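Written below as structure tokens is the structure these notes are about.
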Amino acid sequence: MVAALHADLLSDTLTTPTDGMRQAMARAEVGDDVFGEDPTVRELEWRVAGLLGHEDALFTPTGSMANQLGVRLHVKPGEELVADSLAHVLRAEMGAAAVLSGVSSRSWVAENGLLDAAQPLALMLPEGGAYQVGTRLVVVENTHNFGGGTIQPIEQIAALRDGTAERGVAMHLDGARLWNAHVATGVPLAEYGSHFDTVSVCLSKGLGAPVGSVLAGSAAHMQEARIWRKRFGGGMRQVGILAAAGLYALDHHVERLAEDHARAHRFAEAAAAARPGCVLPERVETNIVILDVAAAGWSPVAFTEAAAELGVRLYAVSSTSVRLVWHLDVDDAGTDAAIAALVPLLKR
Ligand SMILES: Cc1ncc(COP(=O)(O)O)c(C=O)c1O
């Protein structure tokens with residue numbers, strides 16, 4: 001028998017559109033976006049460009065495509081990007097930079113995904129000459145998914161910008177969850193955006209849209225990205241119905257991310273009280289909790305199965321840890337249910 005699901009903490013991509021969002025989608029004005037004629041898509045692109053302080057933006061079906069367009073704009077085949085070893089762009093985009101753009105990559109190890117500008121600056125080699133691959137791009141992820149929703153310190157981002165400017169290396173921000181960083185810190189989105197040549201943001205994670213991401217950058221870069229989006233198979237037609245979901249999410253679902261953060265933090269406090277050291281609540285800054293279940297004698301797979309039997313779905317992310325993600329469809333009662341189910345497992 002399959003247990004009833006009390007809290008689905010597998011991912012913040014699981015949300016289903018609310019009634020208000022569905023109504024906004026149904027009402028959307030549309031046109032053929034490959035011809036640049038979808039007014040709702042253009043409205044979304046201008047809105048996001050404005051929020052991030054960039055000249056223009058481009059709607060994409062996925063965050064992976066937005067990131068890979070960023071890579072493609074800055075790095076030629078045979079050149080390299082650098083990113084931390086847990087970065088989504090290296091770990092979870094199925095080798096796209098290598099496969100689609102012939103791009104080589106190197107990484108540094110960042111504890112909890114936290115940026116220390118000195119690490120990428122030490123790694124990059126802009127002028128490799130005839131012997132070594134030249135670095136063209138550094139990718140920063142904010143918040144950091146596999147790091148545990150980690151917020152990148154704005155001073156470290158600024159220090160990295162100064163260092164890369166001296167070296168002629170471009171910066172791309174994987175801001176799939178930049179909204180969470182903005183809500184948690186109060187740092188304006190445009191301040192984050194100002195340090196990067198291109199920025200990708202997702203509408204389909206904490207913001208609750210069913211589909212969609214946006215890449216922002218200069219007008220010239222977005223013109224080029226539009227061509228590459230079509231080449232990558234991402235030219236969409238009357239897609240204003242999806243952009244409308246994104247606009248609705250920007251109007252209604254950004255500030256409420258603070259609720260997800262508070263629930264994740266409340267869970268982390270209960271888990272740490274049950275099993276000290278399995279998580280440091282002060283490090284749970286946004287909507288993601290990485291729980292070291294090995295500290296309680298569990299393998300992540302066995303813990304995930306035991307949790308599922310108690311109606312809590314989560315994800316084994318490493319040989320020691322599981323990940324829990326709060327979102328629009330997990331409320332206080334779901335959080336209570338997760339605490340009631342998982343605390344006894346951690347105490348075992
Ligand atoms: C940090 C980060 N970047 C990019 C992506 C890619 O988004 P998508 O699944 O829409 O391709 C994800 C997806 O979870 C992510 O967590």
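Please read these numbers as outputs of a predicted model, since none were measured by experiment. For ligands, and for the atoms within them, numbers begin at 1 and follow the listed sequence.
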TODO: Assert yes or no for the condition that the ring centre distance of Phe196 to His54 is strictly below 6.0 Å.
DONE: no
TODO: Check Glu141 against ligand 1 and report side chain, backbone, both or neither, counting heavy atoms closer than 4.0 Å.
DONE: side chain
TODO: Please report which non-hydrogen protein atom sits nearest to atom 10 (O) of ligand 1, along with the residue it belongs to and the distance in Å to one decimal place.
DONE: Gly63 N, 2.8 Å
Task: Proximal ligand 1 atoms for Thr62, defined as those under 4.0 Å from one of its heavy atoms - done: 10 (O), 11 (O)
Task: Quiz item: cation-pi between Arg91 and Phe146, 6.0 Å / 45° - done: yes
TODO: Measure the acute angle between the ring planes of Trp298 and Phe303, then classify it against the limits of 30° and 60° as parallel, tilted or perpendicular.
DONE: perpendicular
TODO: Could you tell me whether some N/O pair between Ser204 and ligand 1 is separated by less than 3.5 angstrom?
DONE: no
Open item on the list: Is there a polar contact between ligand 1 and Lys205, counting only N or O atoms under 3.5 Å apart?
Closed with: yes
TODO: Mind checking whether His144 contacts ligand 1 via backbone (N, CA, C, O), side chain (CB onward), both or neither, at a 4.0 Å heavy-atom cut-off?
DONE: neither
TODO: State the CZ-OG distance between Arg313 and Ser11, to the nearest 0.5 angstrom.
DONE: 9.0 Å
Task: Side chain Glu80, main chain Val103, donor-acceptor under 3.5 Å - done: no
TODO: Check Ser64 against ligand 1 and report side chain, backbone, both or neither, counting heavy atoms closer than 4.0 Å.
DONE: both
TODO: Answer side chain, backbone, both or neither: which part of Val89 comes under 4.0 Å from ligand 1, heavy atoms only.
DONE: neither
- [ ] Check step by step if side chain to side chain donor-acceptor pair (under 3.5 Å) holds for Arg323 and Asn145.
- [x] CA-CA 9 Å; Arg323 186 191 70 176; Asn145 176 356; 2.7 Å; yes
Open item on the list: With nothing but distance in play, are any N or O atoms of Met65 less than 3.5 Å from an N or O of ligand 1?
Closed with: no
Task: atom 6 (C) of ligand 1 [closest protein heavy-atom partner, distance rounded to 0.1 Å] - done: His88 CE1, 3.3 Å
TODO: Taking Thr135 for its side chain and Leu125 for its backbone only, find out whether a donor-acceptor pair lies under 3.5 Å.
DONE: yes
Open item on the list: I need the minimum non-hydrogen distance between His6 and Ala337, along with the two atoms involved.
Closed with: CB-CB, 3.7 Å
Open item on the list: Please check whether Asp174 reaches ligand 1 - meaning an N/O of the residue sits under 3.5 Å from an N/O of the ligand, judged on distance alone.
Closed with: yes
Open item on the list: For ligand 1, which is the ligand I care about here, please tell me if Ser213 has any N or O atom under 3.5 Å from one of the ligand's N or O atoms.
Closed with: no
